[in-house]
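Computed over heavy atoms, backbone and side chain alike; hydrogens, waters and symmetry mates excluded. Throughout, a chain's letter reflects where its sequence line sits, starting with A, and its residues are numbered from 1. Quick caveat: nothing in here was measured; it's all calculated off a predicted structure.
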There are 2 protein chains.
Amino acid sequence: METKFKPGLEQIKLDYKIWLADKDGNGILGDGKWKMLKLIGEKGSLKAACEELGYTYRRTWGNIKKIEDFFGFPLLEKHRGGAEGGSMALTEEGKLLVKAFEKFHSNADTLIQKGFREFLDDISNK
Amino acid sequence: METKFKPGLEQIKLDYKIWLADKDGNGILGDGKWKMLKLIGEKGSLKAACEELGYTYRRTWGNIKKIEDFFGFPLLEKHRGGAEGGSMALTEEGKLLVKAFEKFHSNADTLIQKGFREFLDDISNK
DNA sequence: CATGGATATGCATCTGAAAACATATCGAAA
DNA sequence: TTTCGATATGTTTTCAGATGCATATCCATG
């Protein structure tokens, strides 16, 4: 079948988001928050992680609260005070969640990219 | 491994969005616009489709223009005037695009749901 | 050749999420 | 016991995208 789609195929990009939500559809944990949690764990600091990812401290702090409120227990150990000002570290549950989400996301990515290539084939003439 | 995730697993929902974007990341065609195109095709009318889906005519008209501007050719045949006021119908390319996106979306859904079940397993103790 | 109803399009207004701003609190170390 | 820097949290401001409103345009049919 002849189609006019072919000429510009290479400029069609695929984008997607996958996230966990509560029963009312409020987003709980997705790409952004997952990366943020992971980076906080690596850096041991919320402030440092925000600066690296370019998010505001205020917003991210609120996000963390929402996630923990939803699950009902802390994903991060918070420490205030001291010469360093304070620090954060992932709890065991936090580590488990980050790891499981990473696996899920990574698998999904592979499959979605494959599906996208098939989609491009479908709208091409051959 | 013991985990505290188990109690509320059934209230964790999965949500996702998949869409096509241009090279600058501007969304071109996703879930909403795909369903809209499909429904316009079925109803033969933009106005009727908007009313059914609860979108404003103004917004949807703008979306259609964006999609067509991107692809560079019409996905819909538009007819103005006449006793009926006018009508819309999918072009051949429009039909092909809707069909291909539907297949892509449907396949992706199956795989993502499967991955989600594995994710829930991963954060459960077994 | 007048009419009606849908397409086509500019423009003002609303709105909720993100950003920006401000300030309080904590506590190990010097 | 003072200090310093990060955590904690309320308040205000911004702004893009959605909504709402208005109006022009088209033409098959009666």
Practice item. Let me see the working for A/K35 and A/D31 under salt bridge (Lys or Arg N to Asp or Glu O under 4.0 Å), right down to the final yes or no. Key: CA-CA 6 Å; A/K35 280 181 186 154; A/D31 218 61; 3.2 Å; yes
Check your understanding: Between B/G86 and A/E84, which has a closest nucleotide on DNA chain C that is more 5'?
Key -> B/G86
**Study point:** Cluster check B/L97, B/W19: I/L/V/M/F/W/Y, side chain < 4.5 angstrom
**Key:** no
Practice item. Can you establish whether the number of heavy atoms outside A/K78 located under 6.0 Å from its atom NZ is more than 12? Key: yes
Practice item. Give, ordered by number, those residues of residues 75-82 of chain B having at least one heavy-atom distance below 4.0 Å to an atom of DNA chain D; if nothing qualifies, reply none. Key: B/R80, B/G81, B/G82
Point to revise | Members of residues 27-52 of chain A that approach DNA chain D, where some heavy atom sits under 4.0 Å away | key: A/S45, A/L46, A/K47
Point to revise | Pairs flagged by side-chain hydrogen bond (donor to acceptor under 3.5 Å, both in side chains) wherever residues 53-64 of chain B is involved - sequence neighbours left out | key: none
Revision key, fill the gap. Footprint ends on DNA chain C, 5' to 3', for atoms under 4.0 angstrom from a heavy atom of chain B, come out as C/dG4 to C/dC11
Review point. Can any side-chain N or O of B/D24 pair as donor or acceptor with the backbone N or O of B/N26 at less than 3.5 Å?
Key: no
**Study point:** Basic-acidic side-chain contact under 4.0 Å: B/K103, A/D122
**Key:** yes
**Study point:** A/E77 backbone acceptor or donor facing A/T91 side chain under 3.5 Å
**Key:** no
Exercise for review: Fit a plane to each ring of B/F119 and A/F101, take the angle between them on a 0 to 90° scale, and name the class: parallel (under 30°), tilted (30 to 60°) or perpendicular (over 60°).
Suggested key: perpendicular
Check your understanding: With the sugar-phosphate defined as primed atoms, P, OP1 and OP2, and the base as all remaining atoms, what B/S/- string results for nucleotides 9-20 of chain D, 5' to 3', for protein heavy atoms under 4.0 Å?
Key -> BB-------SSB
**Study point:** Electrostatic pair B/E92-B/K95, nearest N-O below 4.0 angstrom
**Key:** yes
What donor-acceptor contacts under 3.5 angstrom involve side-chain atoms of residues 80-87 of chain B, with partners at least two apart or in another chain?
none

Exercise for review: Could you state whether A/V98 and B/L120 fall into the same hydrophobic cluster, counting links through intermediate Ile, Leu, Val, Met, Phe, Trp or Tyr residues with side-chain heavy atoms under 4.5 angstrom apart?
Suggested key: yes
Exercise for review: List the steps, then state whether salt bridge (Lys or Arg N to Asp or Glu O under 4.0 Å) holds for B/K65 with B/E68.
Suggested key: CA-CA 5 Å; B/K65 186 158 166 36; B/E68 295 187 331; over 6 Å; no
